[in-house]
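Residues take their numbers from the sequence shown, with the count starting at 1.
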Amino acid sequence: MTFCKQILSTEWTFKDRDDETLNAWMPVAAVPSTVQQDLIANKKLEDPYLGFNELKARWVNEKAWVYRHVFQRPETPPGATVALVFDGLDTFASVRLNGETILESSNMFLGHRVDITQALGSAQSTNVLEVEFDCAQLKATELRNKDPDHKWHGFNGDMARLGVRKAQYHWGWDWGPVIMTAGIWREVRLEVYSARIEDLWPQTHLAPDHKMATVTAVAKIDQSNLEGCVARFHLTLRGHEIARQDIPIPANENAQASFEVTNPELWWPHGYGSQTLYEVTVSLLHDGNELHQVSKKFGIRSAEVIQQPDKHGKSFFFRVNGVDIFCGGSCWIPADNLLPSITVERYRKWIELMVAGGQVMTRVWGGGIYEDDAFYDACDELGVLVWQDFMFGCGNYPVWPELLESVRQETVYNVQRLRHHPSIVIYVGNNEDYQVQEQSGLTYNYEDKDPESWLKSDFPARYIYEKLLPELVSEHSPSTFYHPGSPWGDGKATSDPTVGDIHQWNVWHGTQEKYQIFDTLGGRFNSEFGMEAFPHISTIEYFLENEKDKHPQSQVMDFHNKADGHERRLATYLVENLRMATDLETYSYLTQVVQAETMMFGYGGWRRQWGDERKCGGALLWQINDCWPTISWAIVDYFLRPKPAYYTVKRVMQPLVIGVRREHHDWSVSRYEMWVASNRQEVLHGTVELRFLSVVTGRDLRTPAVFTDVTVAANGTSEITSGIIDHVTQPEPHVLAARLWIDGQIVARDIDWPQPLKYLDFADRGLEVRQQPGASAGQQLLVISSRKPVKCLVFEERENVRISDSAIDIVPGDEQVVEITGLSDSDPPLGYRYLGQ
């Protein structure tokens with residue numbers, strides 16, 4: 001018979017397990033879902049994202065819940081199998097069919113398949129499916145109490161979470177609420193078949209000269225009831241067949257086909273080439289009839305992490321198809337606390353924002369989830385490289401045998417699910433667990449290479465990160481690089497800037513350094529760093545329920561910022577750098593200015609270091625997104641509204657960037673430097689201009705310096721000039737304004753300001769913003785000019801309206817144009833504000 005499936009998405013009910021009243025059962029709109037979503041739909045729970053409602057929802061975390069579905073037995077020919085398939089159960093789940101337990105699960109990250117052929121009633125019978133979810137919060141506490149000798153150390157949330165294979169951020173984080181979801185969080189379905197393709201794994205090998213690729217497709221077949229099957233493999237590109245092979249399948253064996261592809265079209269990260277995806281399809285044939293068909297899209301590319309000794313220590317950067325890639329981008333957390341609410345369209349909008357923002361890589365953080373297929377599909381199609389953490393975050397994890405076995409199954413399941421995606425270029429063992437080891441004084445002797453001794457130490461999870469995971473990645477995705485942790489570098493201190501990757505939190509956390517020196521704090525790869533900022537005022541208004549709370553120090557505003565000490569740290573960076581304000585809109589804007597400036601100083605300097613023997617291989621800011629409407633380090637808020645920092649990162653991540661920077665630590669003299677960074681693969685020639693303009697009058701204080709026929713090095717940094725500013729003989733505050741022309745076109749700008757900005761008077765800027773029609777329908781242009789230098793001109797963000805640039809600095813004599821799409825002629829013009837307005 002032909003494989004068929006029946007998705008069980010509707011006609012579910014649910015209830016509090018301990019509620020025995022007659023009307024306890026409530027309808028479920030659709031599965032996948034969480035109990036919180038279903039309670040909200042039944043008006044039993046207020047939206048936990050509003051006001052203080054998170055506290056009102058805490059009772060849900062302490063309950064057990066049951067979901068029920070009644071169905072008829074699907075039509076089942078003789079010899080066919082009926083399987084019940086769960087792609088995800090959150091988390092302690094007991095599945096009963098007609099009163100009999102058929103599955104017990106304790107791992108949110110696993111899928112499950114149960115043969116229920118014999119358990120079903122006759123064709124006319126009714127079958128009752130129940131899924132009971134025990135309380136994860138209470139179960140975690142029970143598990144912790146069973147292992148009192150383990151050192152339950154870590155950051156964020158209840159440390160009992162370490163014993164549970166559930167998204168760790170559900171216990172609350174320093175950017176997220178405590179919402180302990182339960183439910184059928186991914187698809188559930190019935191499958192009926194006589195034979196099926198269990199897995200399809202396309203593997204590629206690209207010749208060093210890129211002129212030939214070998215594609216090997218391995219199909220794992222479940223055909224216990226049939227003999228004489230044939231696997232027909234098709235290899236296609238853009239819907240056109242390239243090759244076909246028929247492979248006879250011996251009983252209970254896999255089928256494999258290999259194809260040689262001459263002059264293959266390669267898959268590249270965006271900005272470096274096209275995102276070409278081939279497709280391999282395998283059809284399972286029996287007596288000429290197709291029983292099942294599975295397809296996978298994949299890319300042909302090579303990907304390496306280059307770690308080699310150099311004058312800075314040991315490099316850490318990515319090379320794709322032989323090209324060194326500066327991996328600027330951001331860290332990704334789950335885009336919602338209620339995971340089933342994230343649609344395919346919403347995932348794609350997030351990845352589109354990354355691409356539009358010049359971000360080449362995103363890091364799937366280890367305290368969340370192995371993401372939905374839609375996330376990785378979008379990364380493949382749009383060309384965003386993925387750094388994939390395994391789901392261990394900020395803790396000293398226990399390793400009792402049942403937990404290790406669960407981790408093994410979880411790893412195999414997810415690596416097999418994800419391994420065909422060309423976007424995934426690295427697997428990483430954990431997030432900050434080695435930092436927990438250091439700060440808690442746990443045992444770690446890098447020279448000890450005996451895994452059995454690791455299990456007996458007070459840091460037993462080393463066994464997971466340095467034995468279990470690398471062995472499983474090597475077996476199931478051998479071409480993908482594995483790194484034991486983030487941060488980690490050859491067993492050295494996690495803060496060592498000479499090796500591996502680091503999380504640089506001495507701006508905001510730690511020593512709370514001035515953000516103007518951020519680039520001096522970096523390492524070989526900066527995989528976390530950040531600065532908090534308020535979201536847009538419309539997002540704040542969404543979660544504020546009362547007008548009286550509409551000020552920056554209200555209790556509800558503090559409640560929606562989960563970071564320890566955020567009041568002091570925000571205030572410190574604001575008072576050091578900007579003139580303070582107390583009204584909410586201005587205060588919100590000022591926090592965004594600080595965040596934008598911080599990202600600019602970090603990214604600008606680290607990208608410059610790329611040209612110095614790859615001293616810095618990449619920078620992934622913390623973080624691009626939020627899981628609820630909140631105040632955090634995100635540069636795009638929960639509703640996909642970019643903050644100003646999004647645009648400063650975008651400018652620094654363009655293919656060609658000019659940078660100018662003065663030292664900001666001396667009242668008398670300052671050294672300045674100017675450079676050009678390029679990710680273009682060819683040498684270019686252009687013209688560079690440097691102007692010195694008065695902040696007070698807007699006039700040039702000296703003749704602009706013009707450098708003609710400047711050689712711009714390929715995929716590196718070109719130092720242009722340097723000099724000294726004497727603040728005694730030239731006390732008038734002034735900006736340094738740099739521009740780069742290639743082929744007569746301005747391709748990059750940068751403006752350096754006297755620091756701190758609070759000392760400057762921004763009155764009477766003479767800013768002019770003219771709106772005019774664009775070249776295409778639905779496009780408008782904003783033509784911007786000023787009489788005096790303008791700092792951080794930010795445009796209003798509206799839903800479905802896209803702005804090509806914002807958080808802009810303007811100087812006299814350099815008119816800039818911003819493209820607006822999605823704004824109709826009848827819409828009011830976008831509002832804007834700038835520093836000191």
Using salt bridge (Lys or Arg N to Asp or Glu O under 4.0 Å) as the criterion, list what pairs up with Glu815, not counting sequence neighbours. Arg770
Does this structure show an ion pair linking Arg301 with Glu265, if we count only N-O contacts that are shorter than 4.0 Å? no
State whether the number of non-hydrogen atoms from other residues, nucleotides or ligands found under 6.0 Å of Asp825 atom CG is greater than 12. no
Is any side-chain heavy atom of Val384 closer than 4.5 Å to one of Val360? no
Near Arg699 CZ, under 6.0 Å, is it more than 12 heavy atoms from other residues, nucleotides or ligands? no
Regarding Lys297 and Glu381, does a basic nitrogen lie under 4.0 Å from an acidic carboxylate oxygen? no
Test side chain to side chain contact (heavy atoms under 4.5 Å, CB included) applied to Lys788 - qualifying residues, sequence neighbours left out: Asp764, Arg765
Hey, is CD on Glu682 packed in by over 12 heavy atoms from elsewhere, all under 6.0 Å? yes
Does the pair Asp805/Arg651 count as a salt bridge with the N-to-O cut at 4.0 Å? yes
Using 4.0 Å as the upper bound for N to carboxylate O, is an ion pair formed by Arg348 and Glu352? yes
Salt bridge or not for Arg608 and Glu719, using N-O below 4.0 Å? yes
Who passes side chain to side chain contact (heavy atoms under 4.5 Å, CB included) against Ser824, sequence neighbours left out? Ser826, Asp827
So for atom CD, which belongs to Gln745, do other residues, nucleotides or ligands contribute more than 12 heavy atoms lying within a distance under 6.0 Å? no
Within 45° of the six-membered ring axis of Tyr646 and under 6.0 Å from that ring's centre, is NZ or CZ of Arg802 located there? no
Using a distance-only test with no angle check, is there a side-chain donor-acceptor pair under 3.5 angstrom linking Asn715 and Trp610? yes
Donor on one side chain, acceptor on other, Gln359 and Ser330, under 3.5 Å: yes
Determine, for Arg833 against Glu796, whether the closest basic-nitrogen to carboxylate-oxygen distance falls under 4.0 angstrom. no
Could you go through the side-chain hydrogen bond (donor to acceptor under 3.5 Å, both in side chains) check for Asn321 and Trp267 one step at a time? CA-CA 9 Å; Asn321 300 330; Trp267 183 95; over 6 Å; no
Are Arg417 and Asp373 packed together at the side-chain level, in the sense that at least one heavy-atom pair is separated by less than 4.5 angstrom? yes
Check the pair Ser274 / Thr276 against side-chain hydrogen bond (donor to acceptor under 3.5 Å, both in side chains), numbers first and verdict last. CA-CA 6 Å; Ser274 64; Thr276 303; 3.0 Å; yes
With Tyr603, the ring-ring contact (aromatic ring centres under 6.0 Å, His included) member among Phe518, Tyr647, Phe529, Phe326: Phe529
Tell me whether Glu532 is salt-bridged to Lys643, with the criterion being a basic N under 4.0 Å from an acidic carboxylate O. no
Please determine whether side-chain hydrogen bond (donor to acceptor under 3.5 Å, both in side chains) holds for the pair Trp741 and Glu689, giving the CA-CA distance in whole Å, both sets of side-chain angles, and the decisive distance to 0.1 Å. CA-CA 9 Å; Trp741 284 264; Glu689 175 195 71; over 6 Å; no
Cut-off 3.5 Å, side chains only: do His234 and Glu241 have a donor facing an acceptor? yes
Under the ring-ring contact (aromatic ring centres under 6.0 Å, His included) criterion, do Trp175 and Trp628 qualify, and how do the steps go? CA-CA 9 Å; Trp175 36 257; Trp628 72 316; 10.0 Å; no
Any side-chain donor paired with an acceptor under 3.5 Å for Thr539 and Arg641? yes
Tyr638 and Asp336 side chains, donor-acceptor separation under 3.5 Å: yes
Side-chain donor-acceptor pair under 3.5 Å between Trp753 and Glu597, yes or no? no
